[in-house]
Number of protein chains: 2
Amino acid sequence: MQDSLIQELINRYVTISFQVHKKAESLIKEQIGNDLTNDQHYILRYIDQSESCTPTELADVFEVNKSAITAIVNRMADKGLIERTRDLNDRRVVYLTLTPEGKELYQKAQEKIHLLVESIITQFEEPEIKAFINTYEKLAKVLNNKKKEELGE
Amino acid sequence: MQDSLIQELINRYVTISFQVHKKAESLIKEQIGNDLTNDQHYILRYIDQSESCTPTELADVFEVNKSAITAIVNRMADKGLIERTRDLNDRRVVYLTLTPEGKELYQKAQEKIHLLVESIITQFEEPEIKAFINTYEKLAKVLNNKKKEELGE
DNA sequence: AAAAAATAGTTAAGTTGTTGAACTATTCAC
DNA sequence: GTGAATAGTTCAACAACTTAACTATTTTTT
């Protein structure tokens, strides 16, 4: 690839990923904003989809320190959305689960987000959106390797 | 499109956009994190690329209240990165510009981000990355229309 | 088996980014 | 010229984050 083309693509990517993220998060917030923050929703989503989820795992996935997870889990446990249980074999470990209220709130929010994303996704032709998501998933892998490289060095 | 396919695509999109955003922001932070936050870098970038930039415009682009912009601009003005000047014709209006120090800091950060994005983008074939960015840009338009619709209703 | 190192999680202080309501200052509209 | 709209700021409160110090365990080493 030509260098000038690469520079153009970089600029377009940085600009557009910023724009899309801002707009998307704002639209999600409009859907779910009264009961949950976007971050809280993502936390509930991750716990719900995970077999058994620990604060360390969340810190890893969300790319933040463990103390940030303690804080957000505290807030949601206070609201009765999340429960902590200790591992009986290794009593250092805490497992996070959704309470019934947490699950219900999550699912209601999730439905709204699905409707939102559906109304957007269906404006594209099937091959285009499939190709887009495929490349997006490749990009995630590339970023993961980048992270691993760093740790290796 | 089949409903089950749509549901699958929605799930994949929500999952992957979250993952990519977290990893990407984390990698950017590693590059520029000592002097600037990611948000502060995006603010500098926007001001630099804009002809003449006001707090209201920033609030609009960043999808936050104007008071959030006041706060972030205060912090960066205190650090000597941004300057405020009043419009002489309409004295309500404030124009934001980069100081020489702000410009220098921004450009150093921008170079690092460019190298990062370049090292990622070049792992894709040209047609794939072009198609990806094209769809991404379409997505931004769809989201903008969505926003406009809401305001219209 | 005892001491040292590693791991999981929490606490506490301080920073950044955010909202929403109340406010000042200015300009526009009739 | 008065009333409404606009641009921006201030303030209080909160969410999310970092770093460092800490507790409580488990694992490793010797």
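First the proteins, then the strands, lettered A, B, ... as listed; each starts at 1. Remember, it's a predicted structure, so these values are computed and weren't measured experimentally.
- Across the protein-nucleic acid pair, Glu57(A) atom CD and dT7(C) atom P stand 17 Å apart, rounded to whole Å.
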Handout entry: Sequence-aligned protein contact record of nucleotides 17-30 of chain C, with B where the base is within under 4.0 Å of a protein heavy atom and S where only the sugar-phosphate is
Key = BBBB----BBS---
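- Within the nucleic acid shown, Thr56(A) comes within 4.0 Å of sugar-phosphate atoms alone, with no base atom in reach, counting heavy atoms only.
- Glu25(A) has its CD atom 18 Å from the P atom of dA15(D), to the nearest Å.
- Looking at residues two or more places apart in sequence or on another chain, you find a ring-ring contact (aromatic ring centres under 6.0 Å, His included) between Phe18(A) and Tyr42(B), Phe62(B).
- Atom CG in Asn74(B) sits about 11 Å away from atom C1' in dG8(D), given to the nearest Å.
- Tyr95(B) and Glu83(B) share no side-chain donor-acceptor pair at under 3.5 Å.
- Arg86(A) comes within 4.0 angstrom of no nucleic acid atom, judged by non-hydrogen atoms across all strands.
- Nearest heavy-atom pair, Gln110(B) versus His41(B), reported as atom, atom and distance to 0.1 Å: OE1-NE2, 2.8 Å.
- Under 3.5 Å, the side chains of Thr15(A) and Arg45(B) contain a donor-acceptor pair of N or O atoms.
- Of the charged side-chain nitrogens involved, none lies within less than 4.0 Å of a carboxylate oxygen, so that Lys29(A) and Glu63(B) do not count as a salt-bridged pair.
- Between Tyr136(A) and Phe132(B), the ring planes lie perpendicular to each other; the angle is over 60°, past the 30° to 60° tilted range.
- Between the CD1 atom of Ile43(A) and the P atom of dA16(D) there is a distance of 8 Å, rounded to whole Å.
- In this entry the distance linking CG of Leu36(A) with P of dA15(D) reads 12 Å, nearest Å.
- Separating the CG atom of Asp60(A) from the C1' atom of dA8(C) is a distance of 14 Å, rounded to the nearest angstrom.
- In this entry the distance linking CG of Leu58(B) with C1' of dT9(D) reads 15 Å, nearest Å.
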